[in-house]
Amino acid sequence: MGGYVCAVDVGTGSARAGILDASGNLLGRADHRIAMHQPKPGHAEHDSEDVWRAVCAAVRAARENAGVAAEDIAGIAFDATCSLVMRDVEGKQLSVSTSGEDRWDTVVWLDHRAIAEAGECTASGHRVLDHVGGVMSPEMQIPKLMWLKRHLPGQWPKTGYFFDLADFLAWKASGSLARSQCTLTCKWTYLAHEASGWQMDFLNKVALGDLLQRGNLPQRASPVGTDLGPLLPEAAAALGLTTACRVGTGLIDAYAGALGVLGGFVGDLAGIERHLALIAGTSSCVMAMSLEPRHFVGGWGPYFGATLADCWMSEGGQSATGALLDHIIRWHGAGGEPDAAAHRRIAERVAELRATEGEAFASRLHVLPDFHGNRSPRADPHAVGVISGLTLDATFDSLCRLYWRTAVGIALGMRHILETLNDSGYVIDTLHVTGGHTKNPLLMELYADATGCTVVEPVVDDAVLLGTGMVAARAAGLYPSLAAACTGMQQTGRARRPNPVRRASFDRDYRVFLEMHRQRQVLEAL
């Protein structure tokens, strides 16, 4: 076998694949769209077979683009959004949809149908809540499973398998029913640091005592990068690879990005608490590693072994960031379709207006960006967005002002999360940003200036694929451990330091930001 690996990243709207060499260089990549079904407000569903077909198409195209022979791909691994796949006892598709169509067998991560069930989990007061910031999110799997059992009662007796999406893809590829320590620990209330990971008293309390049996879930999770065996013949044929290719235990997409940008610090674990991974696209995830468990209010974790074996990981984030900027463009009368050209045109005009108007540019306009709830640090899925300072201006320039101040609000939300993390024992002063936001010059500037942190943009074009490539390299035996793969495949980055001249104005904006949070609570209490 050659020294190449395939990394697959399944996001909200597409599947991407990349071919990497053993040094972490991305040689070729491709993507393929996946379908989403939204039958009701708050509901979002995928067709897992459509996802698998998109994965196969992306892998075949990526290998062709890289010019690497199939027999030279030694390993493959999958990362994916934390979406929930349901299959029947024969492994066939089973509907999670109110439409009843079996093809819609996957609850997308951003689906918020289970808000009431999440509240019930929080009200239980169980100690599993200590590892989800004290508040259960509807984006996690337990409340979604509660909803499915309660609202689609005819489906529950038919169930035979439950998977996080990354584990489903590994099963399709290898036939293994192993589940990742990353997925189970982060989204299923599995406590990997304890001898008995599943907390059956909690599952019984929320009427999911039969979960392990119904879902074919193992008693113990598998560490990230574990070799699950070779590709099945039918999977190898569909992917355009060979049965000599090994399949690695995968992880959630944001954690793959964290591994891609923070894994290189594995040799300096004592100093890793200065660094934060920001994986930013449709939504934003922040990931912090530490040698000791660190809890922070409104954050998820700490999770043991969710990426590197001996590290704890804490996660926070914002539920809508790139999606919010898209929404602002669609919503404004001078907007339209929020494609790359629209974002670029707005950014260019913002630069012109700022050059003319200076610090006064849109300074009375303020945006609280919780349009899809507040994931961190408020942990409030019911939170709503607020805009202060609107006028009757409906020109393109007014769109640019609103877009700019929405971007400011997103960056201030990141500052809010950072301050909460540091209050909990971290000493973060460096942000490593990867994902779609690296293509937005306004956000990249704001992440440095509004937070006061040094911002590092990886030179590698896709840190998520790099992180998953590290996992594949470990499974393929190209490295003796995941830590060694991280060290051997790490890539450099470009640093941007905050502009001290802007500090005072952003400090004022941040005071307004916090006051808007307070006033929203006051209004809702009236």
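Along the sequence shown, the residues carry numbers beginning at 1. Keep in mind that the numbers below use all heavy atoms, side chains included, and drop hydrogens, waters and symmetry copies. Just so we're clear, the structure is a prediction, and the values are computed from it rather than from any experiment.
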With a 4.5 Å limit on heavy-atom distance, are the side chains of [X] and [Y] in contact?
| X | Y | value |
| --- | --- | --- |
| Asn25 | Leu27 | yes |
| Met470 | Cys486 | yes |
| Leu203 | Trp198 | yes |
| Gln199 | Thr189 | no |
| Arg29 | Leu26 | yes |
| Ile19 | Ile73 | yes |
| Thr106 | Met86 | no |
| Val433 | Val261 | no |

[atom2] on [Y] to [atom1] on [X], rounded to 0.5 Å:
| X | Y | atom1 | atom2 | result |
| --- | --- | --- | --- | --- |
| Leu291 | Cys311 | CG | SG | 5.5 Å |
| His372 | Ser319 | NE2 | OG | 5.5 Å |
| Leu465 | Asp79 | CG | CG | 7.0 Å |
| Asn216 | Tyr161 | CG | OH | 5.0 Å |

If you count every heavy atom of other residues, nucleotides or ligands that lies below 6.0 Å from [X] atom [atom1], does the total exceed 12?
| X | atom1 | result |
| --- | --- | --- |
| Arg330 | CZ | yes |
| Glu234 | CD | yes |
| Glu337 | CD | yes |
| Phe296 | CZ | yes |
| Gln213 | CD | no |

Is it true that Trp188 and Phe202 have ring centroids separated by less than 6.0 Å?
no

Is Asp164 paired with Arg179 through a side-chain N to carboxylate O contact shorter than 4.0 Å?
no

salt_bridge(Arg150, Glu117) N-O dist < 4.0 Å
yes

Going by distance alone, is a donor N or O of one side chain under 3.5 Å from an acceptor N or O of the other, for [X] and [Y]?
| X | Y | value |
| --- | --- | --- |
| Ser97 | Ser95 | no |
| His432 | His275 | yes |
| Glu315 | Tyr255 | yes |
| His193 | Tyr303 | no |
| Asp31 | Ser14 | no |
| His46 | Asp105 | no |
| Asp253 | Thr81 | no |

Worked check of side-chain contact (heavy atoms from CB on, under 4.5 Å) between Thr430 and Val456
CA-CA 7 Å; Thr430 306; Val456 178; 3.8 Å; yes

Which heavy atom in Pro230 sits nearest to a heavy atom in Arg246, and how many Å separate them?
CD-NH1, 3.7 Å

Test side-chain hydrogen bond (donor to acceptor under 3.5 Å, both in side chains) on Ser314 and Trp300 and set out the steps.
CA-CA 6 Å; Ser314 293; Trp300 295 342; over 6 Å; no

If the plane angle is over 60° it's perpendicular, under 30° parallel, otherwise tilted; pick one for Trp312 and His131.
parallel

Pair Glu273-Ser290, side-chain hydrogen bond (donor to acceptor under 3.5 Å, both in side chains): steps then yes or no
CA-CA 6 Å; Glu273 295 182 27; Ser290 61; 4.7 Å; no

Only one of [options] forms a side-chain hydrogen bond (donor to acceptor under 3.5 Å, both in side chains) with [X], so which one is it?
| X | options | value |
| --- | --- | --- |
| Gln93 | Asp102, Asp88, Asp47 | Asp47 |
| His112 | Lys144, His43, Glu139 | Glu139 |
| Ser48 | Arg53, Arg87, Lys172 | Arg87 |

State which residue, out of Arg113, Arg103, Lys40, fulfils the salt bridge (Lys or Arg N to Asp or Glu O under 4.0 Å) condition with Glu45.
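When Arg113, Arg103, Lys40 are each tested with Glu45, the salt bridge (Lys or Arg N to Asp or Glu O under 4.0 Å) holds only for Arg113.
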
